[in-house]
Undergrad: 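Next up is a structure, given as structure tokens.
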Amino acid sequence: MSFWGHIGELRAHLLRAMIAIVICAVVVGFNVNWIMDNIFFGPTRNDFFTFRVVNHYSRELIGHDSITLPGHFAVQQKKLFQQFNVMMAVSIFGGIVAAFPYLVWELWRFISPALHPKERKNSVWLINFVWILFLCGILCGYFLILPFAINFGLLFKVSDSITQLFDLSDYTTLFLQIVLGMGVIFLFPVIVYFLTLIGILTPQFMRTYRRHAIVLIMVVAAIITPADVLSMLMAAFPLLLLYEFSILMCAYTYKKVTKRKLQEEKSVIKSQ
């Protein structure tokens, strides 16, 4: 294809991806009341899954619940169209999450014609790996980090005279910042894979600069979470595990790339 031919092909894939997001967003929008009550505001209630698990083990160890949230999470609307704007944000976010496997598949359909048959076959696992990592990041942010961030925000007080009224937009920003942020960050092993594949990254480099990476992970965890230390540590721990996993992936990919280069050199020598 010519350059404009590739652009036209890419436009077709992007159009189908946008249609998939819109369809999923519409489905989320029609069920927004249930989603807001059970998913969006789920981490603000004591019966949330994470709190039930923590309190179960807390009762086994210390005899009482360690997390007890207020009975009512008071959220206020300050602007006329604030609820509508939040509904749109939640619908679009839900549409992206629901359609993400299809988005990755459309991206693969655009790239796959340029691959050799063997590369195309081996890339199937990578396609599944991308959307699985993204969804794992979403679940990690929702079940592991967001509940503890909300718990800290609700229980931290400087005076009993202050009445807690939370702004709807602030809570929405916190929700999307943590959940979507973790989903994006969990794609780090995919970036490592491609950088190793083209020869930019090596496992030795990642091991050498592990301490620098830990500092960077702490900074990233502080950015995507509120100011409390517990939420930052809850975000940093899976990211540290993710970095160690990326080192293993880098080493595996680097070994395959090196082996392939040696085979290509041997074939060139034999042909001469």
Side-chain angles (χ1 to χ4, degrees), residues 6 10 13-14 17-18 20-21 93 95-116 118-146 176-225 232-261:
H6 284 292
L10 178 61
H13 288 288
L14 291 177
M18 290 300 297
I21 293 176
F93 170 72
I96 293 174
V97 173
F100 193 79
Y102 179 79
L103 303 183
V104 176
W105 183 66
E106 280 291 347
L107 178 62
W108 179 79
R109 286 183 62 193
F110 175 72
I111 298 174
S112 60
L115 302 177
H116 296 293
K118 185 177 180 180
E119 292 174 334
R120 193 179 299 115
K121 182 180 179 181
N122 293 334
S123 64
V124 173
W125 72 269
L126 180 63
I127 300 304
N128 294 316
F129 188 59
V130 170
W131 69 263
I132 289 174
L133 275 179
F134 180 77
L135 293 183
C136 285
I138 293 290
L139 294 175
C140 179
Y142 181 71
F143 285 104
L144 185 62
I145 302 170
L146 183 63
L176 298 180
Q177 178 181 337
I178 292 178
V179 177
L180 185 58
M182 289 300 294
V184 173
I185 291 174
F186 261 60
L187 296 177
F188 177 71
V190 180
I191 299 175
V192 170
Y193 172 78
F194 282 109
L195 292 179
T196 307
L197 203 61
I198 61 179
I200 296 179
L201 205 59
T202 63
Q204 184 61 35
F205 177 87
M206 295 189 68
R207 293 190 185 100
T208 302
Y209 290 93
R210 180 186 274 111
R211 294 181 180 179
H212 301 78
I214 292 174
V215 174
L216 182 60
I217 286 172
M218 291 298 179
V219 172
V220 171
I223 292 174
I224 65 174
T225 58
M232 186 187 73
L233 293 177
M234 294 299 290
F237 179 71
L239 296 183
L240 291 173
L241 295 179
L242 199 66
Y243 185 81
E244 296 298 327
F245 174 74
S246 299
I247 293 178
L248 297 176
M249 171 172 282
C250 182
Y252 174 76
T253 308
Y254 183 77
K255 184 178 179 180
K256 288 184 62 177
V257 170
T258 304
K259 184 179 179 180
R260 185 177 62 186
K261 287 182 178 179

Undergrad: With rounding to the nearest 0.5 angstrom, report the CZ to CD1 distance, Phe194 to Ile198.
TA: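 Rounded to the nearest 0.5 Å, the CZ-CD1 separation comes out at 9.5 Å.
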Undergrad: List, one per line, each side-chain donor-acceptor pair under 3.5 Å for residues 130-146, sequence neighbours excluded.
TA:
unit_1: Trp131; atom_1: NE1; unit_2: Asn128; atom_2: OD1; d: 3.3
unit_1: Tyr142; atom_1: OH; unit_2: Ile39; atom_2: O; d: 2.7

Undergrad: How long is the straight-line distance from CD1 of Ile224 back to CG of Leu180, given to the nearest 0.5 Å?
TA: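 Reported to 0.5 Å precision, the distance equals 10.0 Å.
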Undergrad: Return the CG to CZ distance between Leu197 and Arg260, rounded to the nearest 0.5 Å.
TA: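 Rounded to the nearest 0.5 Å, the CG-CZ separation comes to 6.0 Å.
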Undergrad: Using every non-hydrogen atom in the two residues, find where Met218 and Ala236 come nearest and quote the distance to one decimal.
TA: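 Looking at all heavy atoms of both residues, the closest pair is SD-CB, 3.7 Å.
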Undergrad: Are side-chain heavy atoms of Phe110 and Glu106 found at a separation under 4.5 Å?
TA: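 Phe110 vs Glu106: side chains apart.
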Undergrad: Should Tyr252 and Leu248 count as side-chain neighbours, where that means a heavy-atom distance under 4.5 Å?
TA: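 With C-beta onward as the side chain, the pair stays apart.
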Undergrad: Looking at side-chain heavy atoms only, is the closest gap between Ile223 and Val219 below 4.5 Å?
TA: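 Yes, at least one pair of side-chain atoms sits under 4.5 Å.
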Undergrad: From Leu103 CG over to Ile96 CD1, what is the distance, rounded to the nearest 0.5 angstrom?
TA: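 Between atom CG of Leu103 and atom CD1 of Ile96 there are 8.0 Å.
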Undergrad: Please table the atom pairs, donor to acceptor, closer than 3.5 Å between any side-chain atom in residues 237-244 and protein atoms at least two apart or in another chain.
TA:
unit_1: Tyr243; atom_1: OH; unit_2: Met206; atom_2: O; d: 2.7
unit_1: Glu244; atom_1: OE1; unit_2: Arg210; atom_2: NH2; d: 3.3
unit_1: Glu244; atom_1: OE2; unit_2: Arg210; atom_2: NE; d: 2.9

Undergrad: Once rounded to the nearest 0.5 Å, what's the spacing between atom CD1 of Ile247 and atom OH of Tyr254?
TA: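 Going from the CD1 atom of Ile247 to the OH atom of Tyr254 covers 15.0 Å.
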Undergrad: Provide the closest heavy-atom pair for Pro189 versus Ser246 in the form atom of the first, atom of the second, distance.
TA: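 So the minimum-distance heavy-atom pair works out to CG-OG, 3.5 Å.
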